[in-house]
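Structure first, then comments.
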Protein chains: 2
Amino acid sequence: MCGSCEDAKANAGLPANKEEVFQQVIEAKKKGGPINPYGPNPADYLSNVSNFQLIESTLREGEQFANAFFTTEKKIEIAKALDDFGVDYIELTSPVASEQSRADCEAICKLGLKAKILTHIRCHMDDARVAVETGVDGVDVVIGTSQFLRQYSHGKDMNYIAKSAIEVIEFVKSKGIEIRFSSEDSFRSDIVDLLNIYRTVDKIGVNRVGIADTVGCANPRQVYDLVRTLKSVVHCDIETHFHNDTGCAIANAYTALEAGARLIDVSVLGIGERNGITPLGGLMARMIAADRDYVLSKYKLHKLRDLENLVADAVQVNIPFNNPITGFCAFTHKAGIHAKAILANPSTYEILNPSDFGLSRYIHFANRLTGWNAIKSRVDQLNLHLTDDQCKDVTAKIKRLGDVRQLSIDDVDSIIRDFHAEVSTPLVRPSEGSALEEDVSINEGPETKKQKIEN
Amino acid sequence: MCGSCEDAKANAGLPANKEEVFQQVIEAKKKGGPINPYGPNPADYLSNVSNFQLIESTLREGEQFANAFFTTEKKIEIAKALDDFGVDYIELTSPVASEQSRADCEAICKLGLKAKILTHIRCHMDDARVAVETGVDGVDVVIGTSQFLRQYSHGKDMNYIAKSAIEVIEFVKSKGIEIRFSSEDSFRSDIVDLLNIYRTVDKIGVNRVGIADTVGCANPRQVYDLVRTLKSVVHCDIETHFHNDTGCAIANAYTALEAGARLIDVSVLGIGERNGITPLGGLMARMIAADRDYVLSKYKLHKLRDLENLVADAVQVNIPFNNPITGFCAFTHKAGIHAKAILANPSTYEILNPSDFGLSRYIHFANRLTGWNAIKSRVDQLNLHLTDDQCKDVTAKIKRLGDVRQLSIDDVDSIIRDFHAEVSTPLVRPSEGSALEEDVSINEGPETKKQKIEN
């Protein structure tokens, strides 16, 4: 079995003072004093799954989405909505990107939001000097460290990178605002180069260091490994940024938290360069499955749908049909076996509770895969009364039609009502007609129904 | 550092005979003979990232998607397209779901496809007897093992489950076709119950056992742990099935392969119950990043887009804007710093090569985040000639307009052509006019351009 997984299991039973133990070990390590190599391992206490923060980057990474053009008014509307949702940080496009970018950054800083405002710049004094004058609460500095980026983007070596980083960090710190240093394309960078530069900037005293999967190549176990290793090298918080090219951006973010990262970069619907980054909504789905109380205490999940609609409209895209939480079918149950269990207890086939997001579930009963439990539930909704055996009979009729063509709810309701009329006719007038009449009435029913269906 | 990650790293440098070593250890284990507990660990040789198979379930799991109604003709069209793409197995809806489901299953079995045909049934003799008569190459049997499903779905205990499993498995085996036994909701099932039933069915001789994350709750490290543990208990192949409610279905599938699973259930666009399962295209993106040669040798990736369009049309959904590979912006690069590096070497910001999928990349240059390298590239495309400094000047003009409103490619091309006309005018008639005339021409240019833009 995987050592790290055993750790995770052991964590589940950790004493309440696990934070305390963790701090003791960390302090001992900081002091450089003797520590028992077989004693408690700080790595066992790393997980921030129940203690994470969001850096919301719709107005930075999201502006790099192909369709994005945000006016000042739209940026302010989005910033306010993000703040209301409860994100911890809002990251904005570099003020040197364009004159309007600078003005918008200043305008958003003046809104007095609860969320801290960051801007994202290249590791260069020209950018830093402009950034610190905008009124932001912090500056996110980034520089490419992979061989690819060093060769084809900025063309600098690691010594130059370290020198620039130190200059920019000390300058930003002198202004009394937060500073993050991140490498770019971290997962294709040399591990020794990375740890060297991170240790250097940690010693100067950055608020956090960032790991970025700029091309979306990382997989969860690589993420766990790198974050856990980095956690043993730096004392500051770790932020992570995952692109979604290979579909792992949510899982990588979660695994980074398990390994000790504290902050996750997200954007609404994941919009960003190419097919984007970890989506806010998808991460909420992942995190609420892990620690519902923590997520509900921090974020207004029932505003998620409005927030996604706001951004989707602004960048002219549709909410993907399979979007976590807000996709049109995220809480739709169809197969008969699923529907049956959901009706008995929704937790059987739902790890998320739709009401946490102000949404509701839907049992899809108008199809050939339906089962009699789903149909019985619909019969109840229609305020009709059929026995279980009768429900099974009408279900068989519905499945037969469902084999012929796509069914609408109206189709199913018609079949149910007809069937109900047939079987209940003798019951409502038991003494009015003869046995013969009853038989006739029963025989007539199906004919009538069949015609209706064929029409 | 994580032990499992160290294993993975060690694997990268394994000798060519790693398969051989693995087989030796496995054989020794099977024989029950003495094995050196400190010797090679089979777990170190588990990864099937370069040796996986696909069970394509668009016509089973996908039929449980809210919008799905497939006619016989459409099912056959999809099955042929999947077969042409190269999937290893095609899984079909249970023949007992409806009469047409049975007939369709028989029809697809008669197509003579290269892919093996499976059908998916409940662990019940009534279903098994029908399934084996359809002509399928194998039967996938499933039963709920979690407390939730045992209580609210079938209401049976583990002894009953084992008894039914043995009966069904021996019956299907007697017909000479493949048999898979899967638990349902595996990640919320008791681990001892699970390992017990898997060992039992493995001893009877199933072709593979399945793990299913039916509610989409699993995270990658849990997946790694469970698959790796199971791998030490059974000798048959392991199949995995991941729902995507919390956005981890691709990452979980990848991690399962790392832990020794061999087969992954997928569907086109991930369609299935709720928001679906591991999508075929997304998994291809993940796997090609891991082992391009293996993926290209097995699957016709250039047919992915047509396959997705076929299924999207059939179930009336749009391809999500952020879909891996085929989303409209998956290979679009926008920020100036990205565009510059992509132009120098696409690998700087691309882990996937669009041409592997018959697609092409696009440098988005018509926006305020653009950089002069992207504009220079456009200038070249337009067959115009500007110096680097001139490109920087025209880029500044483009960014200014990009601050005011969303730009089209035509806008940018107009600005470039105007600018080119201005700066090249003196050059094409150096001796024709006086210095004064040249000045006038230069001064006129910007005015003309400005008017055009304002119009």
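Chain naming here is simple, since letters A, B, ... match the order of the sequence lines and numbering starts at 1 in each.
- Between chain B and the residues A:Ile250, A:Val404, A:Thr348, A:Thr332, the largest count of heavy-atom pairs under 4.5 Å involves A:Thr348.
- Going from atom CG of A:Asp403 over to atom OG1 of B:Thr71 covers 12.0 Å, rounded to the nearest 0.5 Å.
- Each of B:Arg274, B:Glu184, B:His243, B:Glu273 was scored for a side-chain hydrogen bond (donor to acceptor under 3.5 Å, both in side chains) with A:Tyr349, with one residue passing: B:Glu184.
- For chain B, the nearby part of A:Thr255 is the side chain; its heavy atoms alone come within less than 4.5 Å.
- With a 4.5 Å cut-off on non-hydrogen atoms, B:Ala68 touches chain A through its backbone and its side chain both.
- Heavy atoms closer than 4.5 Å to chain A are found in the side chain of B:Asp185, but not in its backbone.
- Per-residue counts of heavy-atom pairs under 4.5 Å with chain A were compared for B:Gly282, B:Cys217, B:Ser94; the largest is that of B:Cys217.
- With a 4.5 angstrom heavy-atom cutoff, B:Arg361 does not touch chain A via any of its atoms.
- Both the backbone and the side chain of B:Pro324 come within contact range of chain A, judged by heavy atoms closer than 4.5 Å.
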(request) Determine, step by step, whether B:Asn219 and A:Glu258 satisfy the side-chain contact (heavy atoms from CB on, under 4.5 Å) criterion, reporting the C-alpha distance in whole Å, the side-chain angles of both residues, the deciding distance to 0.1 Å, and the verdict. (result) CA-CA 10 Å; B:Asn219 66 57; A:Glu258 288 187 307; 4.0 Å; yes
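- In terms of non-hydrogen atom pairs under 4.5 Å with chain B, the most contact-rich of A:Asn244, A:Leu343, A:Val215 is A:Val215.
- Listed by first then second residue, pairs satisfying salt bridge (charged side-chain N to carboxylate O under 4.0 Å, His left out) with a partner in residues 315-327 of chain A number zero, not counting sequence neighbours.
- Contacts of B:Ala97 with chain A are made by both backbone and side-chain atoms, with heavy-atom separations under 4.5 Å.
- Heavy atoms of B:His364 lying under 4.5 Å from chain A belong exclusively to its side chain.
- In this structure, the portion of A:Ala289 lying under 4.5 Å from any heavy atom of chain B is its side chain and not its backbone.
- Only the side chain of A:Gln316 has a heavy atom closer than 4.5 Å to any heavy atom of chain B.
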(request) Start with the C-alpha distance between B:Glu63 and A:Arg368, add both sets of side-chain angles, then the distance that settles salt bridge (charged side-chain N to carboxylate O under 4.0 Å, His left out), and finish with yes or no. (result) CA-CA 10 Å; B:Glu63 208 179 0; A:Arg368 67 177 156 209; 2.8 Å; yes
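- The residue among A:Asn275, A:Leu269, A:Ile319 with the most heavy atom pairs within less than 4.5 Å of chain B is A:Asn275.
- Proximity to chain A is absent for every atom of B:Arg400, based on heavy atoms less than 4.5 angstrom apart.
- Looking only at heavy-atom pairs under 4.5 Å with chain B, the residue among A:Ser146, A:Ala103, A:Ala285 that has the most is A:Ala285.
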(request) Begin from the C-alpha positions of A:Ile271 and B:Asn322 and carry the test side-chain contact (heavy atoms from CB on, under 4.5 Å) through to its verdict. (result) CA-CA 8 Å; A:Ile271 60 169; B:Asn322 54 3; over 6 Å; no
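- One N or O on the side chain of A:Gln406 and one on the backbone of B:Asn67 form a donor-acceptor pair closer than 3.5 Å.
- Both the backbone and the side chain of B:Ser101 have a heavy atom closer than 4.5 Å to some heavy atom of chain A.
- For the set A:Lys399, A:Met284, A:Arg188, A:Lys340, the entry with the most heavy-atom pairs within less than 4.5 Å of chain B is A:Arg188.
- For the options A:Ala366, A:Cys329, A:Gly247, A:Ala344, heavy-atom pairs under 4.5 Å to chain B are most numerous at A:Cys329.
- Heavy atoms only, all atoms of each residue included: A:Phe69 and B:Gly402 are closest at CE1-O, 2.9 Å.
- Here the OG-CG distance, from A:Ser98 to B:Asn367, works out to 10.0 Å after rounding to the nearest 0.5 Å.
- What you find for B:Val317 and A:Phe328 is that their closest heavy atoms are CG1-CE2, 4.4 Å.
- Qualifying ring-ring contact (aromatic ring centres under 6.0 Å, His included) partners for B:Phe242, counting only residues two or more places apart in sequence or in other chains: none.
- Note on B:Gly327, B:Ala330, B:Ala290, B:Ala341: by heavy-atom pairs under 4.5 Å with chain A, the leading option is B:Ala330.
- Looking only at distances, no side-chain donor or acceptor of A:Arg286 sits under 3.5 Å from a matching main-chain atom of B:Asp245.
- Judged by distance alone, with hydrogens and angles left aside, the side-chain atoms of A:Lys334 form a donor-acceptor pair with the main-chain N or O of B:Phe65 at under 3.5 Å.
- If you measure heavy-atom distances from B:Ala218 to chain A, the contacts under 4.5 Å come from the backbone alone.
- Contact annotation for B:Asn323: only backbone heavy atoms (N, CA, C, O) come within less than 4.5 Å of a heavy atom of chain A.
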